[in-house]
Amino acid sequence: MNKKLIAPTIITVLLVLYFMGYALMIAAIDDISLIVKLFGFLIPALLTGVSVSVLVERIKEVRSGEEDDLSKY
C-alpha cells in the first residue's frame, strides 16, 4: 500500500466504526419511536457511504498522479 493512502484509509475506517457504532446504539434503544430509529440508522449509514466514496476518489487520485490539485493554479 502506498504511504499516501495509509492516513486516509485509517481515518475512513475510524469514521465507519464510529458511524456504525452510533447507528447500532440508536437501534438498540427501546424507548424511541421507529422514525427516530430509522433516521438514527439512515443518516450514519449515508455518512459511511460518503466516507467510503471519498476514500475511493482519493485512491484514484493517488494512483493517477494527481496528488496535489492546488499546484495547478
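By the 4.5 Å side-chain criterion applied to Ile, Leu, Val, Met, Phe, Trp and Tyr, V50 is assigned to a cluster that also includes V54.
In terms of the side chain to side chain contact (heavy atoms under 4.5 Å, CB included) criterion, residue partners of I10 (sequence neighbours excluded) are, by chain and number, I6, L14. Among residues two or more places apart in sequence or in another chain, the side chain to side chain contact (heavy atoms under 4.5 Å, CB included) test is passed with T12 by V16, S51, V52, L55. Contacts of Y18 classified as side chain to side chain contact (heavy atoms under 4.5 Å, CB included), with partners at least two apart in sequence or in another chain: none.
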Contacts under 3.5 angstrom, residues 24-48 side chains, donor-acceptor by atom type, not counting sequence neighbours:
residue : atom : partner : partner atom : Å
K37     : NZ   : I29     : O            : 3.0
T48     : OG1  : P44     : O            : 2.8

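Heavy atoms only, all atoms of each residue included: R58 and K4 are closest at NH2-O, 4.5 Å.
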